[in-house]
Amino acid sequence: MYRSHTCGELRSENIGSTVTIAGWVQTIRDKGNLIWVDIRDRYGITQVVGQDTSSEESLKALKSLGREFVVQITGTVSARSAANPNIETGEIELLVEKVVVLNASLTPPFTIEDNTDGGEELRAQYRYLDLRRGPVQDKLRLRNKVNLETRKYLDSQDFLDVETPVLIKSTPEGARDFVVPSRMNEGQFYALPQSPQTFKQLLMVSGFDKYFQIVKCFRDEDLRADRQPEFTQIDCEMAFVEQDDILNMFEGMIQHLFREVRGVELDAKFPRMEYSEAMERYGSDKPDIRFGMEFVDLNPVAKGKGFSIFDDAEQVIAINAEQCAAYTRKQLDKLTDWVRRPQIGAKGLVYMRCNEDGTFKSSVDKFYSQEDLAAWAKTANAKPGDLILVLSGTTEGTRKQMNELRLHMGDELGLRNPNVFKPLWVVDFPLLEWDEESGRYNAMHHPFTSPKPEDLHLIDTEPGKVRANAYDLAMNGVELGGGSIRIHDRDLQSRMFDLLGFTKEEAEAQFGFLMSAFEYGAPPHGGLAFGLDRLVATMGGSESIRDYIAFPKNNSGRDVMIDAPSPLSSDQLTELGIALK
RNA sequence: GGUCUGGUAGUUCAGUUGGUUAGAAUAUCGCCCUGUCACGGCGAGGGUCGCGGGUUCGAGUCCCGUCCAGACCGCCA
């Protein structure tokens, strides 16, 4: 046995006993005749002290240590003369008796402390050292707990964990596939799954009416702070259910997770909002409803007064930033610059201050009388002291820009508290979206999503208006997950492929196995998948998922620690029958 | 594919209209210190200013190219 106790468990009750701990040297405070060494492991930090009553040998050994040495220390637990209330073991210390260096260490390239001096690049390169830091370990502990509680909940609801293959077949829909060459089938390739979508549907056909899996998915697309090329889904599917059954089941799961992991009681009933309403009120399919500042349609009161920018716009939208009338010209100019950045792309920003004396001051006073502006204020429900911000243009573009501005204002005004959690089901997504590039419709969710029966009659005349039995769970402006009721009818599925521009032959080649399965008694079914990384990051109050992944990739999709991806040897390429350009 | 920001000591950063020997903090090393816990004091070592080219009497600083990192747009059913 290397240790009798961990570095986190000794308390004043242990005073007098002789113990052995093992861990890493955190800090050394050498005062000459008195030396303290903090020893760290996963469980905490214990202070070891050497003094005049210690043996010369052990004192010498303590003085020879360096940061991050791995040591085994035996000593007597004693009370500190000056307790440290900031750490759990702060009432005791270990009077050193024996020091064994289990392994020396180079000086680490950055400090292994809660507030490290290391930059992101360096910490990524030495991720195994970064993972020694408390805050990083806490994040992985949080992930572990979410994972465990997910299994507990789904098990309690009779879900069955079934593994699905990772080497599957490439399909044209959706994201780019990661591809794996097959040596035994030269010239052919597997694809890594973007999700286990078709397999979980086949499991429904097989009769496993409640399936789940916490599973890696792979998408070869450009990355963001909240997107990794490999990420983890809580993937679920149920048979003999309607949309409500699914929403209720997983509302329960999210409530369970927040209760057990964070001690947070979420809304008893998550609000639901149609996609079209979310777009109108927030310009987003994943609105952050922790704060108001909802969109106001200014078309009726802003148009027709001779201001050509608004007159020519399809849509004029305002938001009311309450109590912001005191914004200075400089602040407003800064906001204007912000919305005009290429990433936002607004042409300009119109503002109107609602002065305390009941008058109005806008950047377009030339075109609008006080009465006109009073109508704006009334429409936006603005009170004296409020600030109205207005954007205009095409409906789609203006909504998108205003969504960004609203979130930006929410950040600036501190309205997006990471310890407040506001879930929202967004339902009735469109079935299809128009793709300019290919000049045809794409499935908005995926090609197995069922249209709403009442919209089926539009499918040939106005396919863009057909709504789907599809839903997302949004929380705090993040899409945590989504799903749909699936098509379980061969004819309808075949029609969908038709609509998506697949020929009969292509559909047969790509998804023949699924359509065949549907001919052998496929039950009505549906499901959803949560992004575990995003869920955990949201629960931890972060926007970046990288800290919640033990070994993440950087924004070029590289693992800078192991230096992947990397070239293959020509022997390997030959064996695979691959010639590089 | 694009936009923006950054790259200077082991690390995090500062570095003036282009001008003497490129600084600070921290880390490291040495000496001193009996109650520290961000220990303290004194001292020392430590630089391919990302890389390549150009302008100039002179470039960390200006210009061009390039590489790397981060955020974002496109993309991500």
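Predicted, not measured: the structure shown is a model, and the values here were computed from it. Atom set for the values below is all heavy atoms of this structure, side chains included, hydrogens, waters and symmetry mates excluded.
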Residue pair A/R534, A/Q233: steps toward the side chain to side chain contact (heavy atoms under 4.5 Å, CB included) verdict: CA-CA 9 Å; A/R534 281 186 196 170; A/Q233 281 191 345; over 6 Å; no
Trace of the side chain to side chain contact (heavy atoms under 4.5 Å, CB included) decision for A/E88 with A/E9: CA-CA 8 Å; A/E88 303 262 331; A/E9 64 176 313; over 6 Å; no
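Closest to the A/R546 side chain, of the nucleotides B/G35, B/A71, B/C37, is B/A71. Side-chain proximity of A/R219 to the nucleotides B/G35, B/C76, B/C33 is greatest for B/C76. In the set B/G35, B/U28, B/U11, the nucleotide with an atom closest to the side chain of A/R67 is B/U28. Minimum atom distance to the side chain of A/K31 is reached by B/C33, of the listed B/G74, B/U11, B/C33.
Annotation: the span from A/I317 atom CD1 to A/Q401 atom CD amounts to 9.0 Å, rounded to 0.5 Å.
A distance of about 15 Å separates the P atoms of B/C51 and B/C67, rounded to the whole Å. Separating the C1' atom of B/A9 from that of B/G47 is a span of 5 Å, rounded to the nearest Å. B/G45 and B/C39 have their P atoms separated by 25 Å, with the value rounded to a whole Å. As rounded to the nearest Å, B/U11 and B/G18 have C1' atoms that lie 29 Å from one another. Look at the C1' atom in both B/U61 and B/U56: the space between them is 13 Å, to the nearest Å. When the C1' atom is compared between B/U66 and B/G7, the two are found 14 Å apart, to the nearest whole Å.
Along RNA chain B, the nucleotide closest to A/Q233 and the one closest to A/A79 are compared, and the more 5′ of them pairs with A/A79. In this structure, A/K400 and A/P109 both approach RNA chain B, and ranking their closest nucleotides by distance from the 5' end singles out A/P109.
Among the protein residues, A/L223 comes within range of no part of the nucleic acid, since none of its heavy atoms lies under 4.0 Å from any strand. The residue A/D220 sits apart from the nucleic acid: no heavy atom pair falls under 4.0 Å. In this structure, A/A225 reaches the sugar-phosphate backbone alone: every heavy-atom distance under 4.0 Å involves primed, P, OP1 or OP2 atoms, never a base.
A sub-4.0 Å separation between OP1 or OP2 of B/C73 and a side-chain N or O of A/R341 is absent. In this model, the phosphate group of B/A69 is approached by a side-chain N or O of A/S556 to a distance below 4.0 Å at OP1 or OP2. A close approach under 4.0 Å does occur between a side-chain nitrogen or oxygen of A/N33 and OP1 or OP2 of B/U34.
Whole-Å rounding puts the A/R29 CZ to B/G41 C1' distance at 17 Å. Rounded to a whole Å, the CG atom of A/D30 is 15 Å from the C1' atom of B/U28. Atom CG of A/L122 and atom P of B/C13 are 11 Å apart (whole Å).
The aromatic rings of A/Y471 and A/W425 stand perpendicular to each other, their planes meeting at an angle above 60°, with 30° marking the opposite boundary. Ring pair A/Y128/A/Y126 is perpendicular by interplanar angle, where above 60° counts as perpendicular and below 30° as parallel.
Of the nucleotides present, B/G50 is the one that pairs with B/U66 by Watson-Crick or G-U wobble criteria, both distances under 3.5 Å. For B/G10, the paired base is B/U26 (Watson-Crick or G-U wobble, both distances below 3.5 Å). Under the Watson-Crick and G-U wobble criteria, each requiring two contacts below 3.5 Å, nucleotide B/C57 is paired to B/G19. When Watson-Crick and G-U wobble pairs are counted only if both distances are under 3.5 Å, B/G40 pairs with B/C32.
Between the base of B/C75 and the side chain of A/R227 there is a donor-acceptor pair shorter than 3.5 Å. Applying the 3.5 Å distance criterion, the base of B/C72 shares a donor-acceptor pair with the side chain of A/Q343. Interface remark: the A/E121 side chain does not form any donor-acceptor pair with the B/G6 base, using a distance-only criterion of under 3.5 Å. Residue-to-nucleotide contacts include a donor-acceptor pair under 3.5 Å from the side chain of A/R80 to the base of B/C37.
A/E91 and A/S12 form a side-chain donor-acceptor contact under 3.5 Å, judged by distance and modelled atom types alone.
Among A/T398, A/T395, A/T394, the one residue that satisfies the side chain to side chain donor-acceptor pair (under 3.5 Å) test with A/E314 is A/T395.
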